[in-house]
2 protein chains.
Amino acid sequence: MKKKVSIHDIAKQLNVSAATVSFVLNGKAAEKRISEEMEQKILKHVNLLGYRPNRIAKSLRTGKSKIIGMLVEGIADPFFSAIARIIEEQAYKLDYKIFYASTENDSRITRNIIGAFRDTQVDGYIIVPPPGIEDDIQALMDDNFPVVLFDRYFPGLATCNIVVDNFDGVYQAMRHFLQHNYKNIGLVTIPSSQTQMRDRLNGYHHAITESGRTPYVKTIAFDLKPDQEKISHEIKLFLQEHRQIDAILFATNYLAISGLEAIKQLGKSVPRDIAVIGFDDNTHFSLFSPSITAVAQPIREISEHIMQQLMACLTGHEKAPEKKTTVLQTKLIIRESSQKQ
Amino acid sequence: MKKKVSIHDIAKQLNVSAATVSFVLNGKAAEKRISEEMEQKILKHVNLLGYRPNRIAKSLRTGKSKIIGMLVEGIADPFFSAIARIIEEQAYKLDYKIFYASTENDSRITRNIIGAFRDTQVDGYIIVPPPGIEDDIQALMDDNFPVVLFDRYFPGLATCNIVVDNFDGVYQAMRHFLQHNYKNIGLVTIPSSQTQMRDRLNGYHHAITESGRTPYVKTIAFDLKPDQEKISHEIKLFLQEHRQIDAILFATNYLAISGLEAIKQLGKSVPRDIAVIGFDDNTHFSLFSPSITAVAQPIREISEHIMQQLMACLTGHEKAPEKKTTVLQTKLIIRESSQKQ
DNA sequence: TTATACTATTTAATCGATTAAGCAAAACGC
DNA sequence: GCGTTTTGCTTAATCGATTAAATAGTATAA
């Protein structure tokens with residue numbers, strides 16, 4: 001194991017001080033009046049030895065880790081992993097690295113992770129917040145850490161937020177159902193009062209009220225998430241109880257999956273017996289038979305806005321960038337599952 | 001912004017030395033003969049102030065970062081993200097954190113990432129290696145870094161490897177086709193000579209030869225991966241060229257997706273006109289109509305073996321654990337797409 | 001009584017960088 | 001020719017921990 005070379009090794013071998021080497025390596029040669037000749041000599045030798053600065057030491061001295069902490073509900077969720085992929089790509093370009101962690105939408109787990117990230121001195125946070133975590137987020141901000149929330153947010157907190165127009169996304173899906181003459185439109189959602197779910201629910205009720213229809217809402221406990229079977233079962237019961245339902249909107253991706261399973265098990269045909277739209281698109285929805293209509297979130301746009309905001313805070317010279325909520329538009333991808341043949 | 005408290009602050013406030021505090025916090029009170037009384041006093045005060053050690057400083061001193069670098073082909077790929085999720089979970093339990101990065105199976109990108117990870121002083125590496133990266137992996141090992149490869153490996157390198165029995169996985173799929181009396185079985189794969197793909201191809205040829213059938217192999221250039229349309233197109237041409245094909249095995253998940261699209265576009269019916277099996281299962285395969293038969297990899301088992309191996313190396317007291325290749329078995333999940341009704 | 005051992009803690013070096021402040025030599029001004 | 005700048009570097013402190021070695025005080029042994 002070849003021992004690591006430090007800036008002092010370089011300095012000693014060239015009979016200069018470590019400071020000089022440091023200045024050159026940080027592009028401060030001119031500023032610090034290092035001669036052209038010396039600069040070249042150092043650069044050449046650094047290349048020769050393949051020396052690379054120890055980032056830990058650098059971090060300790062500068063107080064910057066060049067690491068961003070990213071907390072999502074679950075890294076295996078296709079929506080979040082797609083965003084993670086793009087964020088990662090951009091971060092590397094900007095010489096940042098990303099710590100991911102999954103919160104399972106649990107505040108205790110989230111609190112732990114935030115603690116661990118703080119210990120590691122991450123420079124900034126990208127968070128999909130679970131409920132009940134306001135104080136911890138506020139604490140981060142009090143300590144001047146850049147924080148960007150996405151997917152949902154806390155109206156009471158002055159954070160940067162990147163979200164989609166959940167209300168309008170659902171509203172458009174509902175309009176589509178109504179235009180295709182569906183009469184009894186149900187919603188399957190989760191019992192969350194967080195912004196994203198609340199807005200989807202509001203969008204539903206708005207469309208229902210506006211059109212004078214009857215609402216049919218089924219709420220599936222969040223802790224069933226790992227148990228697809230149980231969710232299917234609940235949805236089956238719901239559909240059997242309200243046989244008049246001829247169209248249904250699923251408020252999340254995994255509910256749509258289990259919902260389709262339920263419909264299949266009931267022997268009903270999509271969209272003949274019942275039309276379907278899912279919130280969040282999915283690579284596979286186009287391949288289902290019938291293909292599934294979905295409210296798609298603009299993944300790339302979301303990711304880019306997140307990084308833009310975070311970088312603005314991270315490089316912000318004292319004056320913190322305005323805290324604001326960016327609302328992006330969803331897109332209804334119309335496929336077979338929502339239109340009678 | 002409340003300024004951070006350091007171990008020296010604690011020490012000063014209690015009129016003891018930082019060393020004493022450090023010993024207590026690292027559970028070395030007994031070993032270092034710190035009095036019970038002093039220990040309690042320190043612990044109490046540490047709790048009171050909510051002091052948490054700076055990990056960067058600790059890392060600099062100890063040379064350990066408690067970070068594991070994980071390089072996969074793409075974090076958005078469901079197979080890799082599922083594994084990442086489990087690894088993450090286990091790592092946090094063991095007080096490690098994970099850096100993920102996507103290699104896109106490109107050696108240049110991979111080399112860059114490895115460089116970046118080294119600069120950050122990660123303690124160990126979990127790698128899904130792209131081709132042509134042997135020397136870089138060897139260099140890591142020469143420098144005594146724990147390295148675990150998975151999904152594929154280099155037979156010439158003495159690394160720890162966790163893989164599945166790709167040969168047998170494909171062979172079983174083929175046996176299944178043959179038992180259901182399919183005559184002309186095609187394989188759609190990618191032009192990779194890496195172990196995982198080579199073994200799948202060998203499994204195919206072995207079954208074909210053994211049964212005296214004719215092989216039909218279509219190789220899809222890897223760089224088409226982002227372009228589902230083009231892949232579908234290629235597969236359509238292949239199927240039109242060999243109209244006798246009545247069963248087809250897709251060597252990767254994304255090929256199966258595009259392949260199904262191709263079959264759909266050709267107006268053929270699965271499994272009546274053509275039967276299908278995919279390598280790698282997928283949460284949604286059971287929901288497709290027909291549902292898709294798949295060779296499933298044991299995700300949890302793979303993840304656990306990876307962590308086990310890595311931890312063995314990481315905590316290995318000098319004597320490096322034996323380098324070995326662990327081969328896990330796949331499971332054929334039989335669904336509708338591979339059996340004539 | 002004096003040497004020795006043990007106890008409980010401190011001192012100080014160290015990890016590998018950054019950076020404010022310092023300083024000698026050369027150049028410049030008059 | 002002497003003071004003042006400028007040039008081109010170096011010195012040394014610092015970030016916040018860890019840890020080998022040192023030390024002061026007390027107990028034990030011969």
Side-chain angles (χ1 to χ4, degrees), chain A residues 2-43 45-46 49-67 95 118-123, chain B residues 2-43 45-46 49-67 95 118-123:
Chain A
K2 53 178 185 243
K3 60 182 177 308
K4 291 257 256 329
V5 331
S6 81
I7 199 168
H8 292 284
D9 298 327
I10 301 281
K12 215 170 294 167
Q13 288 165 32
L14 291 178
N15 263 310
V16 298
S17 77
T20 308
V21 178
S22 174
F23 291 141
V24 168
L25 289 177
N26 288 292
K28 300 197 178 149
E31 181 190 334
K32 295 292 176 177
R33 289 188 282 250
I34 308 292
S35 66
E36 177 78 9
E37 184 194 16
M38 169 72 33
E39 187 180 1
Q40 289 310 317
K41 187 164 96 181
I42 291 175
L43 288 175
H45 197 245
V46 159
L49 293 204
Y51 161 77
R52 305 188 63 165
N54 181 324
R55 287 215 170 219
I56 299 265
K58 183 168 187 156
S59 291
L60 178 58
R61 185 63 239 262
T62 62
K64 301 279 154 230
S65 64
K66 290 282 190 173
I67 296 174
D95 194 29
R118 290 191 73 140
D119 293 349
T120 323
Q121 322 289 124
V122 312
D123 291 343
Chain B
K2 54 180 184 243
K3 63 184 172 304
K4 291 257 254 330
V5 332
S6 80
I7 199 169
H8 292 284
D9 298 327
I10 301 280
K12 215 170 293 166
Q13 288 165 31
L14 291 177
N15 262 312
V16 297
S17 77
T20 308
V21 179
S22 174
F23 291 142
V24 168
L25 289 176
N26 288 292
K28 299 199 178 147
E31 179 191 335
K32 295 292 176 176
R33 292 185 280 250
I34 307 293
S35 67
E36 178 77 11
E37 182 194 17
M38 167 80 12
E39 188 180 1
Q40 290 310 317
K41 187 164 95 181
I42 290 175
L43 287 176
H45 197 246
V46 160
L49 294 203
Y51 161 76
R52 304 187 65 164
N54 180 324
R55 286 206 165 230
I56 299 265
K58 185 169 187 155
S59 291
L60 179 58
R61 186 63 238 262
T62 61
K64 301 279 154 228
S65 63
K66 291 283 193 171
I67 295 173
D95 192 29
R118 291 190 72 142
D119 293 349
T120 322
Q121 322 290 120
V122 313
D123 290 344

Check Ala57(B) against Leu60(A) and note the closest heavy-atom contact, atom names and distance.
-> CB-CD1, 3.8 Å
Remember a base hit wins even if backbone is also touched, and classify Asn15(B) as base, sugar-phosphate or nothing at under 4.0 Å, heavy atoms.
-> sugar-phosphate
Distance in angstrom units between Arg33(A) CZ and dA25(C) C1', rounded | 14 Å
Between Lys12(A) (NZ) and dT10(D) (C1'), how many Å, whole number?
-> 15 Å
Just wondering, do Lys66(A) and Arg55(A) contact through their side chains at under 4.5 Å, heavy atoms?
-> yes
Heavy-atom protein contacts under 4.0 Å, nucleotides 15-22 of chain D, coded B base, S sugar-phosphate only, - none = BBBBB---
Take the protein atom CD of Glu31(B) and the nucleotide atom C1' of dT9(C), then report the distance between them rounded to whole Å.
-> 15 Å
Taking it one step at a time, do His45(A) and Gln13(A) satisfy side-chain contact (heavy atoms from CB on, under 4.5 Å)?
-> CA-CA 9 Å; His45(A) 197 245; Gln13(A) 288 165 32; 2.8 Å; yes
Do you know which of Leu25(B), Leu14(B), Val5(B) makes side-chain contact (heavy atoms from CB on, under 4.5 Å) with Val46(B)?
-> Leu25(B)
Where the side chain of Thr62(A) meets the backbone of Lys64(A), is there a donor-acceptor pair that is under 3.5 Å apart?
-> yes
Salt bridge or not for Asp119(A) and Lys58(B), using N-O below 4.0 Å?
-> no
For nucleotides 26-29 of chain D, print each protein N/O atom paired with a nucleotide N/O atom at under 3.5 Å, atom names and distance only.
none

Asn54(B) side chain to Ile56(B) main-chain N or O, any donor-acceptor pair under 3.5 Å?
-> yes
Worked check of side-chain contact (heavy atoms from CB on, under 4.5 Å) between Thr120(B) and Ser65(B) = CA-CA 8 Å; Thr120(B) 322; Ser65(B) 63; over 6 Å; no
Write down the distance between CG (Leu14(B)) and P (dT10(C)), rounded to a whole number of angstrom.
-> 10 Å
